[in-house]
Amino acid sequence: MVARTYARQAASATRTRIFTPSERGELSTIIIHPRNPTPPKSSTQPQTPLGKSLKADQKITVSDALTEFDKMLQLQPRPPMASFNTLLGTVAKAKRYQDLILMINRMPEVNLLPDYIGMNILLNCYCELKRVGLGFSVMGGILKRGYNPNIVTFTALIKGLCMEDKIGDALGLLKKIIRMGFHPNVKTWGTLVNGLCRTGNAEVALRLHEEMKNGNVGLDLRFNPSLIYYSSLIDGLCKEGLVEKGKELFLEMEGRGISADVVAYGALIHGLCRMGEWEQAKELFIQMIDRGIRPNVVTFNILMDSLCKEGKTDEASGMLELMIRRGEKPDSITFNTLIDGYCLEGRIDDAKELFVSMAAKGHERDVASYNVLINGYCKCRKLKEAMSLFREMLCKGYKPTVITFNILLTGLFQEGKVEDVRELYSQMKDHDLTPDSATYSILLDGFCKNDCLVEAIELFETLEKSGYKLNSLNCNCLLDGLCKAGKLDLASELFERFPEMGVAPTNFTYSIMINGFCKDRQLEKANNMFVEMENKGCAPDVATFNTLMRGFCDNNDAPKVVELLQKMADRNFLPDSFTATIVVDLLSKDKSYSKYLKLIPKFPDMA
DNA sequence: ATAGGGTTAG
């Protein structure tokens, strides 16, 4: 009740603005309201569950669970299996999957086998670790032991398949189990929707949602979406730029009587911020407070990150003070976001200062703090500082990640230090790190751009032979390198092999080829590529148009440029600054070209 | 007793 009153005051007085520094003072007096008093934590530890069945609502820490599990394994008579399962569940919820596997492996040593619940926990653990194959073997074990997989088992497997980008398999499995008579529940649908959204298939998720709403899935189930289900979908839609759809879903959800929480608001606010819709984001933020929903550290992190991306790091920094005054504890993400903001503004000294002071203020740094600052040094071409920071993190016992290496490799390539790249790359295995697809893209791109085309080709071939599944970005890097080196024959050869490599050419792939052919004065082939991509259902975007028009412009084919401009206008494409440059070039080439001026189409929203 | 959601670094 008290919170609501404060919230209403906050909302009515904050109607103005939230995000600029001048308004910060005003805001701080408005939004800061006392935390709801929380009763001091009871100092009594939870009763140990020895011998007794654990209560579900009993909160125990992971380390307690681990020691308790050890004790229980030795106990005679044996505690009920449900107690073991609770401890396994605690460790699984904390995402301590390696510990979980160790726990389960120790059970047979005392002649105890996990029951089907324990096996479901293990199966889910493998799925979380992106080892869906092992997940399926656990299901084999479930069957072998005479248990039956249930909808929980299948939901975990669907998640596992989605995590490995096997959306088709996930949908296939779902269809299969429905045919077998299993009933997907709201968690199954939520998992699928989330999996679809995470793999860039939010539109598929939305279509699925519409069909479910209309009862077209051929199930006799009542479609009963939850807050979490809607949050996943809203977030997924927003992440793909479909913020309008996100807003619709938000309203639809509330229309069903499901009230948004801090998470649902966060997802939508983030989406609006990303689109630069600050007014609407602000409105939602106020609405949220108005309804008594307290913004948490994540909400603040979203707002601060958005401010940083807009180049308003000082304002983001003001938000940090605001959240501290509100009693909301910033976390390492808060600080890393700010440090990155300073780096983005080129204020590397401010970044370093915050990096130093966060530790002094008792906020622990993590690997990401180092990654952000190392990246900042690389971006302002201070490789020496970046490398010394890297050495510092190693000395202090921080374990570098693949991202650390990717940042440094990018920085080294940018400075043309190919020898250092080779050295650093070879160090990755010493740190037990496996290069990821981004690493390979960096290497392929870097070798190409540093006159080591042969090395790029060799790496590509090694990867192919090793069974590593190259993605379209990897292929595009080499493709671009081949084109830029004038090896159009080799590029074409690689392009033709995309299908057999199981790689779908993207818009970017076609642009690379079009650009390559244009620069090689093979305008007809460039144009054929353009036609081919349209036929293949890969819609050209403004960048593709620009690439082809630049080619025709450089080859003094004004009519063709005008034709393409017309095509753009017909499709309601907005020209960008590159388009403008092409038009200017076209008109300035020759007096006679000015006759094309009147032929240049009117674009929507253009003066 | 088991399964699903939103934030940061390339």
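Each chain gets a letter, A, B and so on, in the order the sequences are listed, and its residues count up from 1.
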Quiz question: going by heavy-atom distance under 3.5 Å, is there a donor-acceptor pair between the base of B/dG6 and the side chain of A/Asn194? no

What is the distance from CD1 of A/Ile177 to P of B/dA3, rounded to the nearest Å? 17 Å

Using a cut-off of 4.0 Å on non-hydrogen atoms, how would the nucleic acid contact of A/Asp445 be classed: base, sugar-phosphate, or nothing? nothing

Any idea which of B/dG6, B/dA1, B/dG4 is nearest the A/Ile117 side chain? B/dA1

Identify whether any heavy atom of A/Val186 sits under 4.0 Å from a base atom; if not, whether one sits that close to sugar-phosphate; answer base, sugar-phosphate or nothing. base

Check: A/Ser226 side chain, B/dG4 base, donor-acceptor under 3.5 Å: yes

Within the structure provided, determine whether A/Asn124 and A/Asn120 are in side-chain contact (heavy-atom separation under 4.5 Å). no

I'd like to know if A/Glu392 pairs up with A/Lys396 as an ion pair, taking the criterion as any Lys NZ or Arg NE/NH1/NH2 lying under 4.0 Å from an Asp or Glu carboxylate oxygen. yes

Between B/dG6, B/dA1, B/dT8, which nucleotide has the shortest distance from any of its atoms to the side chain of A/Tyr116? B/dA1

Scan A/Asn120 against the nucleic acid and name what it touches under 4.0 Å (heavy atoms): base, sugar-phosphate only, or nothing. base

Please work out if A/Val193 contacts a base, only the sugar-phosphate, or nothing of the nucleic acid, heavy-atom cut-off 4.0 Å. nothing

At less than 3.5 Å, do the side-chain atoms of A/Thr191 and the base atoms of B/dG4 form a donor-acceptor pair? no

Is A/Ile407 touching bases, backbone alone, or none of the nucleic acid, heavy atoms closer than 4.0 Å? sugar-phosphate

For A/Phe405, answer base if it contacts any base atom (sugar-phosphate contacts may also be present), sugar-phosphate if it contacts only those atoms, and nothing otherwise; contact means non-hydrogen atoms under 4.0 Å. nothing

Any A/Lys309 side-chain nitrogen or oxygen under 4.0 Å from OP1 or OP2 of B/dT7: no

A/Ala368, nearest nucleotide to its side chain (from B/dT8, B/dG5, B/dA3): B/dT8

Taking atom types as modelled and ignoring hydrogens, do the side chains of A/Thr404 and A/Thr401 form a donor-acceptor contact shorter than 3.5 angstrom? yes

Of all heavy-atom pairs between A/Gly411 and A/Leu383, which one has the smallest distance, and what is that distance? O-CD2, 3.7 Å

When we call it a touch if two heavy atoms are under 4.0 Å apart, what does A/Ala438 touch: a base, just sugar-phosphate, or nothing? base

Nucleotide nearest A/Thr155 (side chain, heavy atoms from C-beta), chosen from B/dA3, B/dG4, B/dT7: B/dA3

Could you tell me whether A/Asp99 and A/Arg96 make a salt bridge, using a distance below 4.0 angstrom between a side-chain N and a carboxylate O? yes

Check every strand shown and say whether A/Asp340 touches a base, only sugar-phosphate, or nothing at a heavy-atom separation below 4.0 Å. sugar-phosphate

Proximal nucleotide (of B/dA1, B/dG6, B/dT2) relative to the A/Ile121 side chain: B/dT2

